[in-house]
Amino acid sequence: QVQLVESGGGLVQAGGSLRLSCAASGRTFNNYAMAWFRQAPGKEREFVAAIRWSVNTYYADSVKGRFTISRDNAKNTVYLQMNSLKPEDTAVYYCAAGTVLTSISRNYVYWGQGTQVTVSS
């Protein structure tokens, strides 16, 4: 069992930055692929970024070059550094854990409760 708790969301102006954190419980954190998804009002949940081990990363085209996913296995935490934020990045951001590095949400077993990110124009 893995429990995930996100933090770091908030309100930021376009062009600004935020760093999201996801703290995970459990001693097997290192074994999981970790991902960030987001869901804007009225839209389906979409993949943002994923990481397996510390070198295998995968990004959605919409965030490539602006967002960076990383993990600190000693702290059981995964991060999402978001730069050059745009109003269209506004969404609830969710952390997820699974066994495969993938952009497909149903392959992730554990989910956090989400953190709101709002980017004003």
Side-chain angles (χ1 to χ4, degrees):
Q1 188 78 8
V2 175
Q3 292 185 327
L4 305 173
V5 179
E6 302 98 333
S7 61
L11 174 64
V12 63
Q13 288 188 332
S17 299
L18 280 176
R19 188 176 82 154
L20 304 183
S21 300
C22 173
S25 65
R27 293 176 293 178
T28 59
F29 173 78
N30 297 4
N31 296 336
Y32 286 97
M34 301 298 297
W36 290 94
F37 288 79
R38 66 187 182 186
Q39 187 166 19
K43 294 188 177 181
E44 293 186 354
R45 189 172 297 187
E46 66 172 359
F47 170 75
V48 175
I51 186 168
R52 185 72 189 263
W53 311 119
S54 294
V55 295
N56 298 112
T57 58
Y58 183 23
Y59 294 94
D61 288 343
S62 59
V63 306
K64 203 171 292 183
R66 301 188 298 122
F67 291 10
T68 302
I69 189 170
S70 62
R71 65 192 296 165
D72 184 337
N73 290 333
K75 295 182 178 179
N76 280 13
T77 301
V78 63
Y79 304 98
L80 185 68
Q81 178 66 44
M82 305 185 294
N83 298 329
S84 302
L85 282 162
K86 305 174 181 179
E88 52 263 43
D89 294 318
T90 295
V92 177
Y93 283 71
Y94 297 91
C95 176
T99 58
V100 179
L101 185 68
T102 176
S103 62
I104 301 173
S105 61
R106 66 176 179 268
N107 288 334
Y108 289 89
V109 179
Y110 302 106
W111 291 83
Q113 81 290 348
T115 186
Q116 176 71 46
V117 171
T118 302
V119 184
S120 62
S121 57

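Heads up: numbering here begins at 1 and tracks the sequence.
Here the closest non-hydrogen pair linking Pro87 and Ala14 is CD-CB, 4.1 Å. Heavy-atom minimum distance, Ala35 versus Ile69: CA-CD1, 4.5 Å. Across Asn76 and Ser25, no two heavy atoms sit closer than the pair ND2-C, 4.4 Å. Taking both residues in full, the closest heavy atoms of Val78 and Cys95 are given as CG1-SG, 3.8 Å, listed atom of the first, atom of the second, then distance. Residue Gln116 comes nearest to Val92 through the heavy atom pair OE1-CG2, 3.2 Å, listed as atom of the first residue, atom of the second, then distance. Closest of all the heavy-atom pairs between Ala97 and Met34 is CB-SD, 3.5 Å.
No single ILVMFWY cluster, assembled from side-chain heavy atoms under 4.5 Å apart, contains both Leu101 and Phe67. Placement of Val109 and Val2 within a single hydrophobic cluster is found when ILVMFWY residues are connected by side-chain heavy-atom separations under 4.5 Å, directly or transitively. The hydrophobic clustering, which links ILVMFWY residues whose side-chain heavy atoms are closer than 4.5 Å, places Val117 and Trp111 apart. Leu18 and Phe37 fall into different hydrophobic clusters, defined by Ile, Leu, Val, Met, Phe, Trp and Tyr side-chain heavy atoms under 4.5 Å apart, directly or through other members.
We find the OG1-CG distance between Thr68 and Leu80 to be 8.0 Å, quoted to the nearest 0.5 Å. Taken to the nearest 0.5 Å, the OG1 atom of Thr57 stands 9.5 Å off from the NZ atom of Lys64. Of the inter-residue distances, the one linking Ser105 atom OG with Glu46 atom CD reads 11.0 Å to the nearest 0.5 angstrom.
Shown are Tyr58, Tyr108, Trp36; of these, the ring pair (Phe, Tyr, Trp, His ring centres under 6.0 Å) with Phe47 is made only by Tyr58.
Glu6 contributes a side-chain N or O that, together with a main-chain N or O of Gln113, makes up a donor-acceptor pair within less than 3.5 Å. A donor-acceptor contact shorter than 3.5 Å links the side chain of Thr77 to the backbone of Lys75.
Scored by the side chain to side chain donor-acceptor pair (under 3.5 Å) test, Gln39 finds no partners at all (sequence neighbours excluded).
The side-chain hydrogen bond (donor to acceptor under 3.5 Å, both in side chains) analysis of residues 79-101, with sequence neighbours excluded, yields the pairs Ser17-Asn83, Arg38-Asp89, Arg38-Tyr93, Arg66-Asp89, Gln81-Asn83.
In this structure, Gln3 places its CD atom where only 12 or fewer heavy-atom neighbours from other residues, nucleotides or ligands lie under 6.0 Å away.
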